[in-house]
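What follows is a set of notes on a single structure, which appears directly below.
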Protein chains: 2
Amino acid sequence: MSKTPKPSPCERILDAAEQAFSERGYEGASLREIVQEAGVNLATVYYYFDNKKALMEAVLKRRFGPIRTEHLELLRRFEAESEGQPLPVERILEAMLLPLLRLAVATPTKRQAVTRLIGRIMTEPNPQTQAILRRHRSEVRVAFLKALQASLPGVPPAELQWRIEFVWGALAFILCDPRKIEKETNGACNPADLETVMKEMVGFFAPGFRASSSNTARRMRQ
Amino acid sequence: MSKTPKPSPCERILDAAEQAFSERGYEGASLREIVQEAGVNLATVYYYFDNKKALMEAVLKRRFGPIRTEHLELLRRFEAESEGQPLPVERILEAMLLPLLRLAVATPTKRQAVTRLIGRIMTEPNPQTQAILRRHRSEVRVAFLKALQASLPGVPPAELQWRIEFVWGALAFILCDPRKIEKETNGACNPADLETVMKEMVGFFAPGFRASSSNTARRMRQ
DNA sequence: GTCTATAAAGGGATAGAC
DNA sequence: GTCTATCCCTTTATAGAC
């Protein structure tokens, strides 16, 4: 039974950077605080990374790969289990939400940095940041759109795309600061309980996905 | 017919700051770019405001008051129109979404700074920022929760609070960068069309609000 | 009220020894 | 690979003339 060895300097820099960027944003975090937290010298950053921006990209890249894989794997597994039948929208939502929610509500504060950072950059209008995000997530987006189209052939694709945006938006909001919800609701909502959060989100969004536009129009007119 | 007079230096600083903060964030925006855009001297900022943070608070304060008023007025008007009947959830959603969405999809780019900034700080984990936000929005939150409880007495309050969070989250996401959605969906979704966006959001969220947890549980179990 | 000038600190980045 | 030392720029903020 071996003690986990001290991570490499490069890894420690990435960990500290992830934490700092998630708390203070890209501009708000300084390399000096990052290296102090990582226990390395300032120059070490420039040995492993070209500059601050490259460090940020490395931080994102390290996480996006596995998360994308998990998203796609989960969806693929559900589809395999359903044996040709289109998935119920609840299952698709589960595959959309679980990988990131699981990380976000994991108890160790350290791991929350990942999702807080992702939530943050999802709402960052900076074009370069958006380009990174789009590059990493477009494959996942397409896969989920496809699954939803198969599951809900009666809903126009444009409408499904709107609804996907709404779900990502709500998810990003929670990722940014899960505990905020606890404070805002005076404890009525407990974001640390993964099962409940999943149940609430799936239960809220699934009926919306099933709704058809004509229904909406009718209700609005009344 | 009088030409609108050039706004006061103080106003011009607030406008420029709002724009800069919304595009580059609090840390990313510098007072120097703000004063240049505003056409005033750097020292002028310190004549009108204590420091950078106070400027940020002034920027937020100037907008939050009117928006809160609009939210509450709209809800009150709808309630007056319904003559004692509880409001349908569609109307409540309309009152929740319209004030900010209207600003966000208003054509002049200038006005989008307001909502982009609001969307941004909604996802900012910084405790001070969150305190400002909570101070300004708590009244609105309570009013909408009350309306929803009256409209949907069968849904437990904690559940309603979760659902309110999801709606704010999706809204914040759109406020941050409405045009992003157009790009991500290759033009299938047009966020500049206020009526459509409203219809999509209301049509998507209303069925979720009406859903009961037992329903959810049943569907999940299957 | 508005300007110039400058202080004081912190930031990213690099050179060069070891 | 890792360190010290430093460059050089930008930033917030202020002092003081007008």
Side-chain angles (χ1 to χ4, degrees), chain A residues 4-62 113 117 120-121 124 126-129 131-132, chain B residues 4-62 113 117 120-121 124-129 132:
Chain A
T4 58
K6 190 176 180 179
S8 74
C10 181
E11 213 91 19
R12 292 209 310 280
I13 292 170
L14 286 170
D15 288 339
E18 183 172 275
Q19 186 77 28
F21 288 146
S22 82
E23 276 172 11
R24 278 172 288 288
Y26 175 75
E27 322 265 0
S30 77
L31 292 178
R32 289 180 152 83
E33 69 167 311
I34 291 171
V35 297
Q36 187 171 8
E37 182 63 32
V40 301
N41 190 277
L42 174 59
T44 312
V45 172
Y46 291 94
Y47 176 79
Y48 288 106
F49 307 96
D50 282 351
N51 48 40
K52 190 183 179 183
K53 210 176 83 182
L55 171 59
M56 175 60 143
E57 289 197 40
V59 166
L60 295 178
K61 195 172 176 183
R62 178 175 68 149
L117 181 57
R120 240 192 136 124
I121 67 166
E124 162 91 45
N126 177 296
Q128 293 178 348
T129 312
I132 297 174
Chain B
T4 58
K6 191 174 179 179
S8 73
C10 181
E11 212 91 20
R12 293 210 309 281
I13 292 171
L14 286 169
D15 288 339
E18 183 173 277
Q19 186 78 28
F21 287 146
S22 81
E23 276 172 9
R24 279 172 287 287
Y26 175 74
E27 322 266 0
S30 76
L31 293 178
R32 288 181 144 82
E33 69 167 310
I34 290 171
V35 296
Q36 187 171 9
E37 183 62 34
V40 301
N41 190 278
L42 174 60
T44 311
V45 173
Y46 291 95
Y47 177 78
Y48 288 105
F49 308 95
D50 282 351
N51 48 42
K52 189 182 178 182
K53 211 176 81 181
L55 172 59
M56 174 60 143
E57 289 197 38
V59 166
L60 294 178
K61 194 171 177 183
R62 178 175 68 149
L117 182 57
R120 242 191 133 124
I121 67 165
E124 163 90 46
N126 178 297
Q128 292 178 347
T129 312
I132 297 174

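Note that the structure is predicted; figures quoted are calculated from it, not measured. The chains referred to below are lettered A, B, ... by the order of the sequence lines, with proteins before strands, and numbering in each begins at 1.
- A donor-acceptor pair is defined here as one N or O able to donate and one able to accept, closer than 3.5 Å; no such pair exists between the side chain of Tyr48(A) and the backbone of Ile13(A).
- No side-chain donor-acceptor contact under 3.5 Å links Arg120(B) to the backbone of Tyr26(B).
- Across the protein-nucleic acid pair, Leu31(A) atom CG and dT6(D) atom C1' stand 16 Å apart, rounded to whole Å.
- In this structure the side chain of Val59(A) reaches within 4.5 angstrom of the side chain of Leu117(A), judged on heavy atoms.
- In this structure, the side chain of Glu11(B) does not engage the main chain of Ser8(B) through any donor-acceptor pair within 3.5 Å.
- Between Asp50(A) and Glu33(A), the one whose closest nucleotide on DNA chain C sits nearer the 5' end is Glu33(A).
- Minimum interatomic distance between Arg24(A) and Glu27(B) (heavy atoms only, all atoms of both residues): O-CG, 4.2 Å.
- Lys52(A) places its NZ atom 4 Å from the P atom of dG12(C), with the value rounded to the nearest Å.
- The base of dG10(C) has none of its N or O atoms less than 3.5 Å from a complementary donor or acceptor on the side chain of Arg32(A).
- Near DNA chain D, meaning a heavy atom under 4.0 Å from it, residues 14-30 of chain B has Ala29(B), Ser30(B) in order of number.
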I'd like a table of atom pairs between the protein and nucleotides 1-3 of chain D - only N or O on both sides, under 3.5 Å - with the distance next to each one.
{"from": "dT2(D)", "atom 1": "OP2", "to": "Tyr48(A)", "atom 2": "OH", "distance (Å)": "2.7"}
{"from": "dC3(D)", "atom 1": "OP2", "to": "Asn41(A)", "atom 2": "N", "distance (Å)": "3.4"}

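- Residues Gln36(A) and Arg32(A) form no side-chain contact, since every pair of their non-hydrogen atoms from C-beta on lies 4.5 Å or further apart.
- Following rounding to the nearest Å, Gln36(B) (CD) and dT10(D) (P) show an atom-to-atom distance of 13 Å.
- Residue Asn51(A) contributes atom CG, which lies 17 Å from atom P of dG11(C) at whole-angstrom precision.
- Note on Tyr46(A): a side-chain N or O is less than 4.0 Å away from OP1 or OP2 of dA13(C).
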Carefully, step by step, assess Arg62(B) and Asp15(B) under the rule side-chain contact (heavy atoms from CB on, under 4.5 Å). CA-CA 10 Å; Arg62(B) 178 175 68 149; Asp15(B) 288 339; 3.0 Å; yes
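- With respect to the salt-bridge test (charged N to carboxylate O, under 4.0 angstrom), the residues Glu37(B) and Arg12(B) do not qualify.
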